[in-house]
Q: 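Input: one structure, supplied below.
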2 protein chains.
Amino acid sequence: MDRIDKRLLTLLQQDASRTNADLAAEVGLSPSSCLRRIRRLNAAGVIERVVAVLNPAKAGRSVKAIITVELERHGEQYVRRFLDMAAKEPAVTQAYSVSGATDALLMLRLKDMEELDALTERLFREESNVARYYTTFVIRTGKDTTEIPL
Amino acid sequence: MDRIDKRLLTLLQQDASRTNADLAAEVGLSPSSCLRRIRRLNAAGVIERVVAVLNPAKAGRSVKAIITVELERHGEQYVRRFLDMAAKEPAVTQAYSVSGATDALLMLRLKDMEELDALTERLFREESNVARYYTTFVIRTGKDTTEIPL
DNA sequence: GGTGGCATGCAATTTTATTGCACAAATTCG
DNA sequence: CGAATTTGTGCAATAAAATTGCATGCCACC
């Protein structure tokens with residue numbers, strides 16, 4: 001991964017819909033060379049996938065919420081079980097087990113409060129392993145990107 | 001936005017590198033019709049962008065951390081100023097102001113601990129408006145997607 | 001100083017996206 | 001209820017883009 005690869009990755013992280021010829025010109029390569037590099041980065045798994053990113057509001061999911069979770073039993077298998085359950089929820093975009101005072105953190109994309117109610121009902125019902133959970137809402141977004149700096 | 005648009009958006013959120021003809025076949029449309037729908041979704045801003053998603057480990061950023069921040073002064077302009085400062089940091093992938101006990105939450109993508117040290121030094125120096133902050137690390141990732149359910 | 005491996009550019013080829021057009025479906029309006 | 005208008009569709013032709021073979025150049029390693 002040399003300087004040119006990094007430039008390409010940065011550009012593709014910002015806009016993967018550009019034509020190969022366009023990218024090639026920007027990094028100073030011929031289209032064929034450029035394409036082969038991108039192919040190589042794909043094959044190597046550096047580029048994991050290419051996806052469309054939607055506007056949340058226009059997709060009808062403008063509410064973003066964060067739930068931190070404290071489990072009854074903290075063993076690895078219990079944490080994993082909880083994460084698996086959370087991951088199955090379409091409204092859950094990120095599900096992590098974390099260090100510190102709580103065990104897990106969920107990031108949610110919601111249509112409305114009803115959806116949050118239904119979701120907490122499913123994830124934190126009586127017979128679940130959840131001791132307590134804290135819900136916070138995102139008021140303002142200063143940044144939200146998938147871009148990884150190189 | 002009918003049923004077909006939603007199907008297209010779901011497919012494109014999962015893999016935007018597929019050919020138009022391929023997508024068209026899957027949703028049961030002709031290539032031209034399919035293309036025009038995607039174009040319309042782009043023009044309407046429902047599709048905000050198309051990006052390459054990198055493998056964090058292979059891009060040299062395997063440490064994910066979350067910082068919750070409590071500010072000295074909580075006024076809107078102070079919150080905004082802090083978010084702007086945080087947003088400028090390349091290692092910060094998400095920066096939100098939130099409801100509840102703390103004022104802001106940052107999601108980080110780090111190379112190593114040194115980088116975290118340098119970053120906290122920059123964001124939480126003496127003359128900053130930050131009263132206290134809590135750092136937690138992501139141990140395990142159960143889910144991490146950009147996909148918004150429709 | 002030679003040699004193998006790898007990346008490059010060019011040009012030809014193939015694949016894919018794009019557009020004009022005629023028609024069908026749905027919606028609006030009289 | 002039916003005509004008019006808008007909107008969406010498929011087909012086929014065209015344009016654009018990606019992809020490949022090949023010859024050359026560049027390094028790293030003998």
Side-chain angles (χ1 to χ4, degrees), chain A residues 1-62 90 111 145-150, chain B residues 1-62 90 111 145-150:
Chain A
M1 270 234 312
D2 61 6
R3 158 172 302 284
I4 295 182
D5 281 334
K6 290 185 180 181
R7 282 254 293 290
L8 281 174
L9 288 173
T10 299
L11 293 171
L12 288 173
Q13 284 189 99
Q14 288 161 5
D15 183 0
S17 70
R18 298 176 61 178
T19 70
N20 178 51
D22 191 13
L23 287 169
E26 180 147 349
V27 302
L29 282 182
S30 70
S32 56
S33 253
C34 182
L35 181 64
R36 276 186 274 255
R37 276 175 181 264
I38 295 174
R39 275 255 199 68
R40 191 163 45 71
L41 291 167
N42 259 296
V46 180
I47 298 176
E48 214 156 55
R49 52 209 330 215
V50 175
V51 303
V53 177
L54 305 193
N55 179 313
K58 291 181 178 160
R61 298 207 165 240
S62 38
K111 214 192 326 270
T145 179
T146 56
E147 189 177 343
I148 294 177
L150 303 166
Chain B
M1 269 234 310
D2 60 7
R3 157 172 303 283
I4 294 183
D5 280 332
K6 291 185 179 180
R7 281 254 293 289
L8 280 174
L9 288 173
T10 299
L11 293 172
L12 288 172
Q13 284 190 98
Q14 288 161 5
D15 182 1
S17 70
R18 299 176 62 178
T19 69
N20 179 51
D22 189 14
L23 286 169
E26 181 147 349
V27 302
L29 282 182
S30 71
S32 58
S33 253
C34 182
L35 181 65
R36 274 187 275 255
R37 275 173 183 265
I38 295 174
R39 276 253 201 70
R40 191 164 46 71
L41 291 167
N42 259 297
V46 180
I47 297 177
E48 213 156 57
R49 53 207 330 214
V50 175
V51 302
V53 177
L54 305 193
N55 178 314
K58 291 182 178 159
R61 297 205 166 241
S62 37
K111 213 190 328 271
T145 180
T146 57
E147 187 176 344
I148 294 175
L150 304 165

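We name chains A, B, ... by the order of the sequence lines, and we start the count at 1 in each one.
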Q: CZ of B/Arg40 versus P of C/dT18: gap in Å, rounded?
A: 16 Å

Q: Less than 4.5 Å apart, side chain to side chain, heavy atoms only: is that true for B/Thr10 and B/Glu147?
A: yes

Q: Tell me the closest heavy-atom pair linking A/Ala52 and B/Ile47, and the distance in Å.
A: CB-CG2, 4.2 Å

Q: Are any of the side-chain heavy atoms of A/Gln13 and A/Thr146 separated by less than 4.5 Å?
A: no

Q: Is there side-chain contact between A/Arg40 and A/Asp5, with at least one heavy-atom pair below 4.5 Å?
A: yes

Q: Scan residues 10-36 of chain B against DNA chain C and write down, sorted by residue number, each residue with any heavy atom closer than 4.0 Å; if none is found, say none.
A: B/Thr19, B/Asn20, B/Ala21, B/Ser32, B/Leu35, B/Arg36

Q: Take atom CD1 of A/Ile38 and atom C1' of D/dA17, then tell me their distance rounded to the nearest Å.
A: 13 Å

Q: Please report the distance, rounded to the nearest Å, between CE in A/Met1 and P in C/dA7.
A: 14 Å

Q: Which atom pairs link the protein and nucleotides 24-26 of chain C when you take only N or O atoms and keep those under 3.5 Å?
A:
none

Q: Going by the salt bridge (charged side-chain N to carboxylate O under 4.0 Å, His left out) test, which pairs reach into residues 16-33 of chain A, not counting sequence neighbours?
A: A/Arg18-A/Asp22, A/Arg18-A/Glu26

Q: Can you tell me the distance, in whole Å, between the CG atom of B/Asp5 and the P atom of D/dT7?
A: 15 Å

Q: What integer distance in Å separates A/Asp2:CG from C/dA7:P?
A: 10 Å

Q: Is the shortest side-chain N/O distance from B/Arg39 to OP1 or OP2 of C/dA17 below 4.0 Å?
A: no

Q: Less than 4.5 Å apart, any side-chain heavy atom of B/Met1 and any of B/Leu41?
A: yes

Q: Only counting residues at least two apart or in another chain, list the ones meeting salt bridge (Lys or Arg N to Asp or Glu O under 4.0 Å) with A/Arg7.
A: none

Q: Side chain to side chain donor-acceptor pair (under 3.5 Å): which pairs involve residues 41-52 of chain A, sequence neighbours left out?
A: A/Glu48-B/Asn55

Q: With pairs taken as Watson-Crick or G-U wobble and both distances under 3.5 angstrom, which stems of at least three consecutive pairs involve DNA chain D?
A: C:1-30 with D:1-30

Q: For residues B/Arg3 and B/Lys6, determine if any side-chain heavy atom of one lies less than 4.5 Å from a side-chain heavy atom of the other.
A: no

Q: Which heavy atom in A/Pro31 sits nearest to a heavy atom in A/Asn20, and how many Å separate them?
A: O-ND2, 2.9 Å

Q: Are any non-hydrogen side-chain atoms of B/Leu29 and B/Arg36 less than 4.5 angstrom apart?
A: no

